[in-house]
Amino acid sequence: MPPVERPTARLAALRLLLLSLCAGVLMLVGCAEERVVRGVQNLPQTPYDQYLNALRGARLDGTALGRTWIAAGEEAVDAPLPIESPYQEVGYLDPREVTARAYFITLEQGQRLDVQLAVQASDSAQVFVDLFEVPDDSTDALRHVAIADSANRLVVEAREPLTYILRMQPELLRGGRYTLNIVVDASLGFPVAGRSSAAVQSLFGAERDGGRRSHQGVDIFAPRGTPVLAISSGYVARIDETTLGGKVIWVRDAHRNQAYYYAHLDQQLVTANTRVEAGDTLGLVGNTGNARSTPSHLHFGIYATRRPVDPFPYIRDLPDTPLELAADTSRLGTWARVTASTAYLRNGPNPRAEKLG
């Protein structure tokens, strides 16, 4: 890798050139609105691409500094850091150094990824935040599926189990302190008021009728009369009463192209073809249909392209607050003198952690 050039009068002039080149690079906005990722999706030219093209247009990609910036972005996605949600990182991007960082994240079908980056800089430093999907075939190229919005936030939902690489990289000669929060949670609300996923006692795929059929949803147990809630905006597609489901309600979610099935209701409190919003009361928990001999509960199912999918990851409660950082981050980005003759850098915040140098 070429050596990183240090700031000089020449680099100060280069920085001014970069600022003038990139003043016209438009940041795509609106991506914090939940984006549904189906697995194959390539974005139009991103802010990262536009910045790279600006470097090439000024022939800065041939300089040691430009080559190092391009290589840093490529090398970061080749060796991402595996993380678990909820994740928080507080750090410092040194404007005198070329850096890029990447993170390896896995999502189950129906989960949502929420990334928020806050940068504290003396100038309007732009940090490019890009999300790539890792294909099943390791020989295929990464698919670019999302970018952060102008507030450095990125939200996506996974319609199938997916693996992602998140990359963040500042412009050349820009940086500052930052806080990165990454949270994976359920993409939908919970369908029974006052309850959580701990109330789910019968899961998708469980055998029914001696193995002649399988359970095509989850059962959420609650007292009779507990409100049943819409888990997203949509419209009531059908109100019915059947032998199997008893009093049922179907809600269609056009945004996600899927339908939600609420069964064994004691009462239905909406009518067909009406619009509902997340949190609206649809009916009350009961035990109608073939659930007459069981405690009252809601059978809840999700159908995508008319096929049942496991609804549990869509509604499962997950931790969303990272552990509090024990380290003092107030001096990030500043110099300090070590008074001891030797100081070890370790890979963890305790004296028994592995020595790195």
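Sequence positions, counted from 1, serve as the residue numbers for this chain.
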For the student: nearest non-hydrogen atoms of [X] and [Y], plus distance:
| X | Y | result |
| --- | --- | --- |
| Pro170 | Trp69 | O-NE1, 2.8 Å |
| Gly246 | Thr288 | CA-OG1, 3.5 Å |
| Ser187 | Gly110 | OG-O, 2.6 Å |
| Ala72 | Ala100 | O-CB, 3.5 Å |
| Leu172 | Leu55 | CD1-CD2, 4.1 Å |
| Ala272 | Ile239 | N-CG1, 3.8 Å |

Contact between [X] and [Y] at the side-chain level, heavy atoms closer than 4.5 Å - yes or no?
| X | Y | result |
| --- | --- | --- |
| Thr99 | Asp94 | no |
| Tyr164 | Leu107 | yes |
| Ser85 | Val183 | yes |
| Thr281 | Val228 | no |
| Arg112 | Asp185 | yes |
| Ile83 | Leu166 | no |
| Leu269 | Leu284 | yes |
| Asn290 | His264 | yes |

Donor + acceptor pair across side chains of [X], [Y] (<3.5 Å):
| X | Y | value |
| --- | --- | --- |
| Gln50 | Tyr48 | no |
| Thr242 | Asp240 | no |
| Tyr92 | Arg331 | no |
| Asn181 | Gln88 | yes |
| His297 | Asn287 | no |
| Asp253 | Tyr260 | yes |
| Tyr103 | Glu89 | yes |

Test of understanding: clusters of I, L, V, M, F, W, Y form through side-chain heavy atoms closer than 4.5 Å, transitively. Do [X] and [Y] belong to the same one?
| X | Y | value |
| --- | --- | --- |
| Leu162 | Tyr87 | yes |
| Val248 | Leu265 | no |
| Val251 | Tyr261 | no |
| Val309 | Phe190 | yes |
| Tyr314 | Leu229 | no |

Between [X] (side chain only) and [Y] (backbone N and O only), is there a donor and an acceptor less than 3.5 Å apart?
| X | Y | value |
| --- | --- | --- |
| Asn257 | Ala254 | no |
| Arg67 | Gly62 | yes |
| Thr329 | Val90 | no |
| Thr226 | Ala222 | no |
| His144 | Phe132 | no |
| Arg224 | Ser296 | no |
| Thr243 | Gly289 | no |

Which value, rounded to the nearest 0.5 Å, describes the distance between [X] atom [atom1] and [Y] atom [atom2]?
| X | Y | atom1 | atom2 | answer |
| --- | --- | --- | --- | --- |
| Asp266 | Leu298 | CG | CG | 12.0 Å |
| Leu282 | Ile249 | CG | CD1 | 5.0 Å |
| Leu154 | Asp130 | CG | CG | 8.5 Å |
| Glu354 | Arg352 | CD | CZ | 14.5 Å |
| Asp317 | Arg195 | CG | CZ | 12.5 Å |
| Leu188 | Gln111 | CG | CD | 11.5 Å |

[X] and [Y]: aromatic ring centres closer than 6.0 Å?
| X | Y | answer |
| --- | --- | --- |
| Tyr262 | Phe300 | yes |
| Trp250 | Tyr303 | yes |
| Phe128 | Tyr51 | yes |

Can you confirm whether [X] is buried at [atom1], in the sense that more than 12 heavy atoms of other residues, nucleotides or ligands lie under 6.0 Å from that atom?
| X | atom1 | answer |
| --- | --- | --- |
| Asp78 | CG | yes |
| Glu84 | CD | no |
| Arg316 | CZ | no |
| Leu356 | CG | yes |

Pair Val236-Val276, side-chain contact (heavy atoms from CB on, under 4.5 Å): steps then yes or no: CA-CA 7 Å; Val236 179; Val276 295; 3.9 Å; yes
Steps toward side chain to side chain donor-acceptor pair (under 3.5 Å) verdict (Asn273, Arg238): CA-CA 7 Å; Asn273 300 316; Arg238 188 170 50 155; over 6 Å; no
Derivation of the side-chain contact (heavy atoms from CB on, under 4.5 Å) call for Asp219 and Gln201: CA-CA 6 Å; Asp219 289 342; Gln201 297 183 24; 5.9 Å; no
Worked verdict on Val98 versus Leu173 for side-chain contact (heavy atoms from CB on, under 4.5 Å): CA-CA 8 Å; Val98 176; Leu173 308 179; over 6 Å; no
Check against side-chain contact (heavy atoms from CB on, under 4.5 Å), Ile147 and Leu131: CA-CA 6 Å; Ile147 61 172; Leu131 187 69; over 6 Å; no
Salt bridge Arg153-Asp114, side-chain N to carboxylate O under 4.0 Å: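 Asp114 and Arg153: salt-bridged.
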